[in-house]
Amino acid sequence: MKKYDPKKIEKKWQEFWDKKKINKTDNKSDQPKYYILDMFPYPSGAGLHVGHPKGYIATDVVARMKMMQGYNVLHPMGWDAFGLPAENYAIANKVHPKVATYKNIATFKKQLGKIGFTYDWSREINTTDPEYYRWTQWTFLQMFQKGLAYESFEPVNWCPVDKTVLANEDLENGCCERCGSPVERRPMRQWVLRITKYADRMLNDLDKLPKWPEAIKEMQRNWIGRSEGAQIKFPLAEKDKFIEVFTTRPDTLFGVTYVVLAPENKLVDELKNKINNWPEVEKYLNEAKKKSDLERTELQKEKTGVKLDGVFVMHPITREKIPVWIADYVLASYGTGAVMAVPAHDERDYEFAKRYNLPIKEVIQPLVTREKGEDGFRRNIPVNERHAVVAVIKHWSEDKYLGVEWKKTGWKGFVIGGIENGEKAADAGVREIVEESGYKNVKFVRPLGGIVHAQFYQMVKNHNRLAHFEPALFQLEDGEMVETSDEEKNLHEFKWLKPEEFSSYITHPDMQIVWDRLQGNYCYGGNEKIDGFSLDGILTASSEFDGLAIAEAKEKIVAELEKNHLGKKQVNYKLRDWVFSRQRYWGEPIPIIHCDKCGVVAVPEKDLPVELPKVKNYEPTGTGESPLANIAKWVNVECPKCGGPAKRETNTMPQWAGSSWYYLRYIDPKNSKALVDKKLEKYWSPVDFYVGGAEHATRHLIYARFWHKFLFDIGVVNYEEPFTRLQNVGLIMAEDGRKMSKRWGNVINPDDVILKFGADSLRIYEMFMGPFSQAVAWSTNGIIGARRFLEKVWFMQEKLADSFEADKKLLNTLHQTIKKVSEDIEDMRFNTAIAKMMELANEMSKAEKVSKENFALFVQILAPFAPHFAEELWASLGHKKSIFTEAWPKFDPKLAVSETFTLAVQINGKIRDTIEVEAEISEAGVKELIMKSEKVQKWLEGKEPKKIIYVKGKLVSVVV
RNA sequence: GCCGCGAUGGCGGAAUUGGUAGACGCACACGACUCAAAAUCGUGCGGAGCAAUCCAUGAGAGUUCGAUUCUCUCUCGCGGCACCA
């Protein structure tokens, strides 16, 4: 028996697959198609580390199984090769980025080749190839013609180190995702894609993607951040001039006590000559401008702002005068860049109002409904209304408050007492405190805000109660008490609690609101659900809208505004339009020409691609122009419209451009007439399975879905969603638990692993490490197990025998394994698939001889994981053709079921015995059998079983 | 702060309509082979106990004949978002 020598075997079979074109994908087939895709890599100078191939191995395993199952499989690979690292390398080393990029690609390709993938390299694509980016530019022009690509002059994120503009998606905590420096806000001309026009479709279509991870969809929903509300106009003194605000809470309109503009809001400048304190305002504007986004968010605890002295708006309904402020807690980029401030019902406005002593006007009284539990509000039974005082009682000498627990219900809160007709809350409080608690010398201190409503089911009286609580603070003068009735004593339990203990003592949110007021917090948002309760509100101090609940008030108030053309319903998104230009060299040139006479003109389609010219210096200019601006020969062109002198756009596209549609180009990579041929697109689309890192959830996967929907709208593709099924790969961490990085010196190169253990061991190990989507640390020890497993299978060749009746148990395991491996590969549970094959190997290697047929079946299901290894064994079994042209084994359901099983016997829920029994044993048989067991008799202690529960094929439980 | 996910031996992990917790692999210990070592093979391997047995799936409670699995509360860890009005 020759040794298992992966080095020899792997090279041999890789060459064989090449020669026999095993991996070549035909565009025509009678078989069903299966398109499985990896997120293509950025070919960095560092080469691959062992983390990169994890996802590729997984798709390769699936691809190989699907091939064997009779699918026409498309499994391509390419390069996302534009981007900053290559450019920065070029700047440092004076090498053209193209040269460095192609060198890196060669390295990557060589490394990938060693792992034995099924990639069809005749379909390789490269986003930096002019024949590829011709179509990236072409799509941009289509967007431009549809008004989806436009020039904007708004302030944008500027990275001072990389000297380029960045999209929101390129930021991490207000810092450049690449270099980590804080970004500045700079008003600059730039190209922007109107992705917000697709926001609703992108949001709604997430529901059509059942095979995407729920977490990713949720991230996208949050990123899109749809919110429904109203746009409301607050008239300025000047006729037909307004401050327009966006709000999700038009119901709080009567609570507006001031209006705030973002410092960047253009109105500030327009109002300049009306502002009496301009120097002060200007100073604030300058300070705000200097602050980076990071500083702005870091300083979020302390809100700042300046009043625009002399400027007022009119309330759109009451016509009252309302002061106007500027403050940088209002974002210029969201909504209208202005808000109506309602300090009584918005945390941020509340904070600001407190700091600057602005009026706080309550217009929503809390309404707490108990939804769950015994005191849950019952629908359709009568409601009984009642006024009551909620008495917060302070200790006579210590800093403690009196907590009350209702013994029957477990409610914890304050002393509550009914207010009789004509009685004042203060008097009712004093009376109730004495009655309930016995404390005799009570003094009313002050009310704690307005009414809090609560609805719940009153168990004792058997009706719904709508309570109108009037919270108030009382103080005991001393500890003197009167005797309370026995009845009262049995109702409550009293406890003196420190303020910090009180919050967790309280069981109901209505009482929490009262407690918060004592702490000085009078802000109430409402419209929430918290476990078992729903928080709503009832309008007050809102003229004819008084008494309405929040939802109804929103409708009615917006309707009222609409009558006067001062407001309308409005939907806003957190998602911003996609800032699409970069002031750098190594990207697709934006195919636009600027003509003095004709303005912004599209490069005619026949002139595409607009190729990147050679430059001497790749250094970014820092002026907002790319290095391309310095090449007069390239920049100066004739206007395609009028023939006059014109200049090319010098900004380039972001790295995300090319990756937004690359999966389409694999279908038809060499087409010079179209982005993709329609027939081929129809055959291969959509991508059936897409595997890659979760870090792309709100970038690549948002952009690609947008790009695809646009291509759908212009008829290039025939499906609305590009990726039917999505799966995330978990990172492979270094052995020290950190990320693999040059910086830490903990990078493991797959080449070294392959040299020592072989590619098949690497493949098996990476699939065996743990659940596929979970991050795991690399373990060099761990890979030994994979190699040992292969060795074990290898040496089984020594005991192969021709047909004979194999052991039933072994056959049983074999067919169970075929079943499990097939299912597990489909569901990306590679680790358990391999574990099961290891069990099979352990069992088989213990047998004296193994039949060739059974061994062949094993080799076939192992083949997707260890393809070179399997081919070698397959050939030594006497086969001439590749194992991957063979049909995937089917398990025999009869053989997959065993004849006996181990019956577990429980007595009172604890396992007391196990008995090996026939699979088809009857329930009566089981009961009879277990009574014979000594152990059962011992635990029964002579008693009769109360109940016997039999779970077929598993266990029997005896209750004594 | 908000949203999502997770916590099981020395380690990676397994266990789905709630039914024998720790499959499989690594590490470790002992034995066989060997002059010796490596490799390989065999045995053991959650904790306590001589044993019967008891305890154990982040902590606490609940439902159940039976809970790693379901419900509630809490702690810790990871990921995302973060003044979005």
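Letters A, B, ... mirror the listed sequences (proteins, then strands); counts begin at 1.
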Practice task
Report yes if at least one side-chain N or O of A:Arg788 is closer than 4.0 Å to OP1 or OP2 of B:rC26; otherwise report no.
Solution key: yes
Handout entry: Mutual orientation of the aromatic rings belonging to A:Tyr765 and A:Trp778 [parallel < 30°, tilted 30-60°, perpendicular > 60°]
Key = perpendicular
Practice task
Using a 4.0 Å heavy-atom cut-off across all strands, classify A:Thr247 as base, sugar-phosphate, or nothing.
Solution key: sugar-phosphate
Exercise for the section: Mind checking A:Val776 for me? I need base, sugar-phosphate or nothing, with any heavy atom below 4.0 Å counting as a touch. Expected result: sugar-phosphate
Problem - Distance between P atoms of B:rU57 and B:rC24 (Å, rounded) - result: 22 Å
Problem - Pairing pattern in dot-bracket form [Watson-Crick, G-U; both distances under 3.5 Å; | = partner strand] for RNA chain B - result: (((((((..(((......[....))).(((((.......))))).(((....)))..(((((..]....))))))))))))....
Exercise for the section: Using a cut-off of strictly less than 4.0 Å, decide whether A:Lys954 has a side-chain nitrogen or oxygen near OP1 or OP2 of B:rU16. Expected result: no
Problem - Distance, rounded to the nearest Å, where A:Lys946 contributes NZ and B:rU64 contributes P - result: 14 Å
Completion exercise
Ranking A:Gln906 and A:Met219 by the position along RNA chain B of their nearest nucleotide, the one closer to 5' is A:Gln906
Exercise for the section: Could you check which of B:rG25, B:rU53, B:rC83 has an atom nearest any side-chain atom of A:Met838? Expected result: B:rG25
Practice task
Tell me yes or no: between the side chains of A:Tyr329 and A:Asp349, is some donor less than 3.5 Å from an acceptor?
Solution key: yes
Practice task
Indicate yes or no: at least one non-hydrogen side-chain atom of A:Lys739 is less than 4.5 angstrom from one of A:Leu731.
Solution key: yes
Fill in the blank from the handout: Whole-Å distance, A:Trp778 CH2 to B:rA27 C1', equals 17 Å
Exercise for the section: In whole angstrom, give the distance that lies between atom CG of A:Leu955 and atom C1' of B:rG18. Expected result: 11 Å
Exercise for the section: Determine the interplanar angle of the A:Trp794 and A:Tyr4 rings, folded into 0 to 90°, and report it as parallel if under 30°, tilted if 30 to 60°, perpendicular if over 60°. Expected result: tilted
Exercise for the section: Show your reasoning for whether side-chain contact (heavy atoms from CB on, under 4.5 Å) applies to A:Tyr258 and A:Met340. Expected result: CA-CA 6 Å; A:Tyr258 60 105; A:Met340 59 179 225; over 6 Å; no
Problem - Residue pair A:Ser227 / A:Asn572, side-chain donor-acceptor N/O under 3.5 Å - result: no
Completion exercise
Whole-Å distance, A:Arg787 CZ to B:rC26 P, equals 14 Å
Handout entry: Any N/O donor-acceptor pair, A:Glu695 side-chain to B:rG79 base, under 3.5 Å
Key = no
Exercise for the section: Provide, to the nearest angstrom, the distance between the CD atom belonging to A:Gln774 and the P atom belonging to B:rG12. Expected result: 10 Å
Exercise for the section: Respond yes when some side-chain nitrogen or oxygen of A:Asn831 is under 4.0 Å from OP1 or OP2 of B:rA23, and no when none is. Expected result: no
Handout entry: Which atom of A:Ala344 lies closest to which atom of A:Lys361, heavy atoms considered
Key = CB-O, 3.1 Å
Exercise for the section: Check A:Pro316 against A:Leu561 and note the closest heavy-atom contact, atom names and distance. Expected result: CB-CD2, 3.6 Å
Problem - A:Thr832 side-chain N/O to B:rC24 phosphate OP1/OP2 under 4.0 Å - result: no
Problem - Where the chi angle of B:rG25 falls, syn if within 90° of 0 and anti if not - result: anti
Problem - B:rU69 to B:rA56 separation - P atoms, rounded to the nearest Å - result: 14 Å
Practice task
Classify the side chain of A:Lys303 versus the base of B:rC83 as yes if they form a donor-acceptor pair under 3.5 Å and no if they do not.
Solution key: yes
Practice task
Using a heavy-atom cut-off of under 4.0 Å over every strand shown, decide if A:Lys820 touches base, sugar-phosphate, or nothing.
Solution key: nothing
Handout entry: A:Tyr334 vs B:rA85: side-chain N/O to OP1/OP2 distance below 4.0 Å
Key = yes
Exercise for the section: Name the residue closer to the 5' end of RNA chain B, choosing between A:Ala215 and A:Ala775 according to the nucleotide with the nearest heavy atom. Expected result: A:Ala215
